Amino acid sequence: NIAYIVITLIMVVIGFMVIFRMKIDPKTVISVQAAIPKIVLTLILITLSYPIVGFLIDLMYLVMAIVIGIIAQGSGQSARIAELQSLYMNADMGNLFWLTFSTGAQIGTNWAVKNLLPLGILSGITGGGVGAVTSVSIATISLNNIFFGFWAIPLILVLLLVLGLLFTYIRIFMLLLNSYIQLTISVILGPLQLMTEAIPGRSAFSDWIMTVMANLVVFPATAAIFMFASFMAQVSSDTNQLL
């Protein structure tokens, strides 16, 4: 309603501009033929701004479902397509936390098993007897096994992994929250932004629609990245088991 009121004032101003043959630029003069179509188009866009966003949101869910289905089928999880679609398309903060830490922990475990276990750094946890330092006496090796192998290095690595995953979770959550807030603002203030489309020489619709689409694409992209990361972690785990 506010946008409609402002459009009325804009129409009055444009009317005077047409009467006095005002120029937008040195080569373009405002005319009735040029002004009326933009006003009509602006009124239509203002009226349909909410349905347009609703349609784009439905389209986002469709794209997300298709992307999840393609990745699940390509990663050998065809039987879980419906389950994965339900998980990612209805995820909340708890699901995001679980996805971040489960995937990150699996990747970190695979890396540790592949790179640290052969060096004996994790021997204290796995029950091995290989020391972290082998160039000193047996007593020193035993001491290093007890302190460095069993407690210090694994705890430091686990702490770094947890902090890194927590930071990642917060960043992803803030990114999704920021997109959601900007999308909500675009819906609420869309009519006020689109009313400037009626002003000759201005184009507001393209900027508005691109902002909406840019905030919507974040959600299917996040789901795709999580699924790809989970698939790569599973491949790495299978490779370590074969080795």
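In this text, all values refer to a predicted model and were calculated from it rather than measured experimentally.
Ile7 and Ile5 fall into different hydrophobic clusters, where Ile, Leu, Val, Met, Phe, Trp and Tyr are joined by side-chain heavy atoms under 4.5 Å apart, directly or via other members. Hydrophobic clustering (side-chain heavy atoms under 4.5 Å, transitive across Ile, Leu, Val, Met, Phe, Trp, Tyr) groups Ile185 together with Leu56. Note on Leu177 and Phe167: separate hydrophobic clusters, where clusters join Ile, Leu, Val, Met, Phe, Trp and Tyr whose side-chain heavy atoms are under 4.5 Å apart, directly or indirectly. A single hydrophobic cluster is seen to contain both Ile2 and Ile188, as judged by linkage of ILVMFWY side chains at heavy-atom distances under 4.5 Å, directly or through other members.
More than 12 heavy atoms of other shown residues, nucleotides or ligands fall within 6.0 angstrom of atom CG in Leu163.
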Under 3.5 Å, which donor-acceptor pairs link side chains of residues 208-229 to any protein atom two or more places apart or in another chain?
from: Trp208; atom 1: NE1; to: Ser186; atom 2: O; distance (Å): 3.0
from: Thr211; atom 1: OG1; to: Asp207; atom 2: O; distance (Å): 2.9
from: Asn215; atom 1: ND2; to: Thr211; atom 2: O; distance (Å): 2.9
from: Thr222; atom 1: OG1; to: Val218; atom 2: O; distance (Å): 2.7

When the side chains of residues 63-72 are checked against the rest of the protein, which donor-acceptor pairs come out under 3.5 Å, sequence neighbours left out?
none

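Here Thr184 contributes atom OG1 and Leu189 contributes atom CG; the two are 10.5 Å apart, rounded to the nearest 0.5 Å. Phe97 CZ to Ile172 CD1: the interatomic distance, rounded to the nearest 0.5 Å, is 12.0 Å. For the atom pair CZ (Phe173) and CG (Asn178), the distance works out to 11.5 Å, reported to the nearest 0.5 Å.
Checked against Leu194 for a side chain to side chain contact (heavy atoms under 4.5 Å, CB included), the options Thr47, Ile52, Leu45 give a single hit: Leu45.
A distance-only check finds a donor-acceptor pair linking the side chain of Thr196 to the backbone of Gln193 [under 3.5 Å].
Leu43 has its side chain within reach of Tyr4: a pair of non-hydrogen atoms, C-beta onward, lies under 4.5 Å apart. Under the 4.5 Å side-chain criterion, counting only non-hydrogen atoms from C-beta, Leu183 is in contact with Val53. You'll find the side chain of Leu175 stays beyond 4.5 Å of the side chain of Arg171, heavy atoms only. Contact check for Tyr61 versus Gln85: no side-chain heavy atoms found under the 4.5 Å cut-off.
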Working for side-chain contact (heavy atoms from CB on, under 4.5 Å), residues Leu99 and Tyr169: CA-CA 9 Å; Leu99 288 169; Tyr169 166 74; over 6 Å; no
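For the pair Pro191 and Ala3, the tightest heavy-atom approach, listed with the atom from each and the gap, is O-CB, 3.6 Å.
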